Structure formats: C-alpha cells, structure tokens
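Take a look at the structure below.
From a predicted model like this one, the values you see are computed outputs, not experimental measurements.
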Amino acid sequence: MNTNIRISYSKMLAAAFSLLFPLSSLLSFTSCADLEQTSLSSIDKDNFYKSKEDIETAINGIYQEFTVDGFYGMYNNQSVYLNDLQTDYVKAGAQTNSAHIREISNFAVSPNNLFVGYAWEEHYTAINRANVLIEKVSGADWLKEEIRQNYINEARFLRGLMYFNLVRYFGGVPIVLKDGEGEGAPRNSIDEVYAQIVDDFTAAEQLPANYSNRDSKPSSLAASAMLSKIYLTWAQTLTEQGKANQKAYYQKASDYAQKVINSGKYHLLEKFIDNWSVDKKNGPEHIFTVEHDRTINGNITGHCTFATNWSDAEPVLLATSDRYYTEMDYRDQRRDGSWAKRLYNPNTGTDFVFTVPRFRKYIDSLNYAKPESSGNAAGHSTNTLIIRYGEVLLIKAEAENELNGPTAAAYDAINQIRRRAYWSPYEKAQLTPSDGSPLELSGLTQEQFRQAVRQERWNEFILEGQRWFDLKRWHILVTHVKANTPASEPLKIKNVSKRNYYLPLPQDQIILNPNLEQNWGYSGETDGGPYGPEYQ
C-alpha cells in the first residue's frame, strides 16, 4: 500500500505488519472513543454515512487510531517513548529487547525506527478518516444543521490534534485536507501547519461546552485549552511567523487559558495521583483524555513501567537514576504521585522498596492484586491525559510572564499549582516546602519566574509525554540532556545533538514520495544545518 499520505480508508497495512511482528510483541487491542465501536476495516466509504449511527461509527474510527497497533499505538505508549525516552531522566531498562526502543533512548533514532514509522502512519490515517467524515457529513443535508456542524467540528478537533503532534515530531509536514490527495505532496512549512491547526481548533470551539459527559470527547473548552497550548508553542517556534507574531501569540495563549479558567468548569484535584486512578475518570481536572480499558484497548505504558513487578529487575521504562526522586521535596505530593520508591506488595503483605523508583502514574494499585488482572497489566486501564487543568494554569503563568514579566495573574496561576502540590489530602492541611522557602512565589524577576515555571512543569508532568516537547520549545534540549543525564548513561550524553530537535521522516515515506525531504542530520550531515545558536 502507498503510505506517502494517501492512506486507504481500510488501512490495509495492518495485515502486512502482522506478518512482520509477532502478535505477542504487538499486544494488539481494538480501540475506540467509547469502547464500543464497529471496525472500519470493511467499510465502503462511498456507500456509508446514511445514518447517524454510520457517522458515529466513522467518528469512532478516528479515535480508533489513538490506540491501534498495540505496543506501537500513539497513545498506548508511543507518546511516552518518543517524548520521555528522548530526555535525561528515562532510559530503556534491561528488560528492553527492542533495538528501536534503545535507539530512541540513546538519541540514535533512525529513519527506519518502527515507532517513527507508526507515528507517521497512524496520524495520517486518523487525518484521512477525519477528512472523509468532514466531506461526507458536509453533504448530509438530511441532518439538522447543528448536529452536522458538531460532527464536523469534532472531526476537526481530532484532525488538529494529529497535525499538532506531527509538526512537533517532524517539523513541516504535508497538509492534506481531502481524501485521495497528498500523493507526492511536498512538506508544507511549519507556519502553514500551525495555521491549519489553529483553523481546526477554532472551528472546534463551536462545539457545545457539554458535548459529552466524558472527557474522552472534545468540547468547546477543550478546544480553547488546546489553542492556549498551540499558541504558546507557536510563539516559541523560531519560524518567520513565530518570531514576527511572538507577542500576539503569547497574548492569545494567555487569553485562551483565561477563557478556560473563567469558565469555572474545571479545578485541580485535591489528590494529585487521582488524575490516573481508574475509578476517578472524567474528573474535574481532566479536559481531554484518551480512554483505555485493559480488556479492549489497554494502555501499554502500564506494562512497560511495571513489567517486573515487585523486584529490582529493570522494566522496559526506568528512571536513569533515583536522584530524580530524592531531589523532589518529600512534602510535595507530586513526588509520591509520580514515583513509586516504596510500593505495597499484596503477595507478601509488606512494602517493597525499589532501588530505582518506578513511575507511579501508570501503576493501577486498585487492580494489580486482583486475580483477573496480573501485575503486568496493572496500568492498562489508566487513561492517557492529553491536556488537564493543571497545564492550563501553567500555560497561563508562562504566557503572562513572557509577555509582561511575572504579573499578578501569572503568580495566581503558578501558586495554585504549588498550593495543590503542598496540600496534604490525608491530613487536610496546607504544608510548606521542607527547606523553609515560601510556599507561594513572589518578587521574582522575569528570568527567575521563567525558571520557576519550568521547574513546576517538570514536577507536574513526569512521564506524561511532555518533556521532550518542553525542552525543544525552550531550545535547551542538548545542553539540558548533557548537563543532567547521569554518567551511567554515556550514550545519551554522547549522541544528543541538534538533529534531535525533530524526528527523522520514515525512510519508507522518503522512498515512496521523492518530494519529501529528510530532516537535517539524518542523512549523515554534521555541519551547517538549520539550527542556529538559539538552539542549545
């Protein structure tokens, strides 16, 4: 099948890939938005879309791509592999038997890396499904106008999310907005892709605020939250429009974040770890998530972080050092919400103390002791959080500071994060940092506040698929990794370079489409290149 953007509606590559990789390594699951969907593998798009049920099946087919391909699924664990392994604090543990994972961990990712290939294919498959739906529903005059627009805008939200991922992974990519187009298409510029992303999410803002009672479906406020993140990122992208409109984009990031804040719909959970509790989904902090169920479309990250159970044998994903745990304040509830240094073992009735802490967010402590849910599947039902209210507050703080320095609004946003961090949900008491420093920030310079925001983002989003994107947009990827990676990981320190600001385009796409140009550094280049001194 030709996968250079012109991806067939039935995704015929699935059969081919099953011949290349054992089923046990793929860990394939059916996936969906509401965990009840019809597969699109046999749908004839030209004789479909005759009823609302058809349209809803087609919409679920877009969501299906979020968790398809099991082990390689974009929100099963692909986002964590690409966005956290390519940092200083996560490594491929001893149980990792995949050269593709070790490539990513060691900043040696190649154009033939399977995670890179699946990322391209899955995102464009979802885009194509959205394009077909938008086209077909636009002509469905038998639908009420409001219902028709809601379907279209939901699809545009999902398409915009796919392009937002792609532009951050690969830089400029081909923009394809109609089914059947894109074959032989060259790459659009980064600015053009961002403009399309903004256009899609602006349309999605027309969705009702209560479009669904589940946060795995978008809403107008979810679109606003995403626009705040998109404009913040675009403002820091060193492109022609990014530099020319930086202040305007920061202002838009701040305004969209404020819109979400003013809505009053969301608030921070009292207990940080409840964001990942399988019995507290659709919580008041969750704005947009990907829904998982271990029996249908399990979140493989739960396996990769806890595959070795209560032992010091290294799982697939492991921290490069225990210092990340020890450096966090023991009074900050995000420490024990992000790291499992000590974990109750139901087999012995005692706590097990790990030499190197496990990643806590994907360990489902409600179910790992149940006979029907083995320890290896402990986190398979944990949802993937795309954006939550805690991030909106930090976007507000960062955008405000970049515009005007640390304003009252910036302090208010970041201090909400800090108050929650140092709140004890067990004692019902407000704690303060153990080093005697003030709980609430004040009197900082713009640069001090900037560093404070970066520190809070680090503490808040451990293993949430955010860190590589953050280090890239702050243009500190290389210097940060070299300065902070433990000496026990020499390949990370040696290999990281400016080429790692983007992934390579998949080699098969380059072969299929000669109009696609490979990203700099992945064809042997070592001198020159597009990354100036701003990229550190």
Side-chain angles (χ1 to χ4, degrees), residues 157 160-161 164 197-198 201-202 204-215 217-236 247-272 274-275 280 282-289 333-334 385-423 430 439-442 444 446 449-450 452-457 459-461 464 466 470 473:
F157 181 105
L161 177 62
F164 188 40
I197 294 165
V198 166
F201 278 105
T202 300
E205 270 204 302
Q206 303 308 308
L207 285 166
N210 58 347
Y211 187 53
S212 171
N213 61 0
R214 296 216 306 275
D215 52 53
K217 298 277 277 187
S219 66
S220 59
L221 287 172
S224 300
M226 288 302 303
L227 282 165
S228 73
K229 185 169 184 173
I230 291 157
Y231 273 114
L232 179 70
T233 307
W234 198 0
Q236 296 167 334
K247 284 190 175 295
Y249 292 167
Y250 278 134
Q251 186 64 62
K252 285 180 178 291
S254 177
D255 291 346
Y256 278 114
Q258 192 63 49
K259 182 177 182 180
V260 177
I261 294 167
N262 288 346
S263 74
K265 182 177 181 179
Y266 305 103
H267 63 80
L268 297 176
L269 287 168
E270 179 185 46
K271 191 176 179 183
F272 176 75
D274 280 351
N275 276 300
K280 293 180 176 63
N282 303 296
E285 190 169 343
H286 303 150
I287 298 177
F288 186 70
T289 71
Q333 63 165 303
R334 294 173 298 186
L385 307 186
I386 305 300
I387 192 163
R388 54 185 174 88
Y389 187 62
E391 184 169 16
V392 171
L393 290 173
L394 288 174
I395 290 169
K396 176 67 178 181
E398 185 172 356
E400 278 288 306
N401 184 61
E402 295 303 330
L403 272 171
N404 304 305
T407 62
Y411 278 120
D412 178 66
I414 197 171
N415 283 331
Q416 287 186 58
I417 294 291
R418 288 177 60 80
R419 285 194 297 270
R420 194 266 294 274
Y422 284 94
W423 171 257
Q430 183 66 69
L439 170 64
E440 299 199 6
L441 302 178
S442 63
L444 302 181
Q446 185 180 44
F449 193 94
R450 181 180 292 126
V453 169
R454 293 180 180 183
Q455 184 63 46
E456 293 304 325
R457 283 193 67 91
N459 292 341
E460 193 78 13
F461 301 122
E464 291 187 48
Q466 299 264 25
D470 279 349
R473 68 186 177 86

Would you mind reporting whether [Y] and [X] have side-chain heavy atoms less than 4.5 Å apart?
| X | Y | value |
| --- | --- | --- |
| Y249 | T233 | no |
| E460 | F272 | yes |
| P218 | L207 | yes |
| L385 | N275 | yes |
| I414 | L394 | yes |
| Y266 | V392 | no |
| N210 | S219 | no |

Measure from the side-chain N and O atoms of [X] to the backbone N and O of [Y], and report whether any donor-acceptor pair falls under 3.5 Å.
| X | Y | value |
| --- | --- | --- |
| S254 | Y250 | no |
| N282 | D215 | yes |
| Q333 | R420 | yes |
| N262 | K259 | no |
| E440 | N415 | no |
| K396 | I261 | no |
| Q446 | N404 | no |
| E400 | T407 | no |

Rounded to the nearest 0.5 Å, what separation is found between the [atom1] atom of [X] and the [atom2] atom of [Y]?
| X | Y | atom1 | atom2 | answer |
| --- | --- | --- | --- | --- |
| I197 | T202 | CD1 | OG1 | 11.0 Å |
| S442 | Y411 | OG | OH | 6.0 Å |
| K252 | L227 | NZ | CG | 9.0 Å |
| R419 | L439 | CZ | CG | 7.5 Å |
| Q416 | L268 | CD | CG | 6.0 Å |
| F449 | E398 | CZ | CD | 9.5 Å |

If you take all heavy atoms of [X] and [Y], which pair is closest and at what distance?
| X | Y | result |
| --- | --- | --- |
| I395 | A253 | CG2-O, 4.2 Å |
| I287 | A222 | CG2-CA, 3.6 Å |
| E285 | L269 | OE1-N, 3.0 Å |
| V453 | A397 | CG2-CB, 4.3 Å |
| A257 | S228 | N-CB, 3.6 Å |
| V260 | A225 | CG2-N, 3.7 Å |

Exercise for the section: Verify ring pair (Phe, Tyr, Trp, His ring centres under 6.0 Å) between F288 and F157, making sure each step is shown before the conclusion. Expected result: CA-CA 11 Å; F288 186 70; F157 181 105; 4.9 Å; yes
Practice task
Ignoring hydrogens and angles, state whether a donor on the side chain of D470 or Q466 is under 3.5 Å from an acceptor on the partner side chain.
Solution key: no
Exercise for the section: Please assess I386 against L161 for the test side chain to side chain contact (heavy atoms under 4.5 Å, CB included), listing each intermediate value before the final yes or no. Expected result: CA-CA 10 Å; I386 305 300; L161 177 62; 4.1 Å; yes
Handout entry: Basic-acidic side-chain contact under 4.0 Å: E456, R334
Key = yes
Practice task
State whether R450 and E402 are salt-bridged, where the test is any N-O pair (Lys NZ or Arg NE/NH1/NH2 against Asp/Glu carboxylate O) under 4.0 Å.
Solution key: yes
Practice task
Could you label the plane-to-plane angle of the Y231 and Y256 rings as parallel, tilted or perpendicular, counting under 30° as parallel and over 60° as perpendicular?
Solution key: parallel
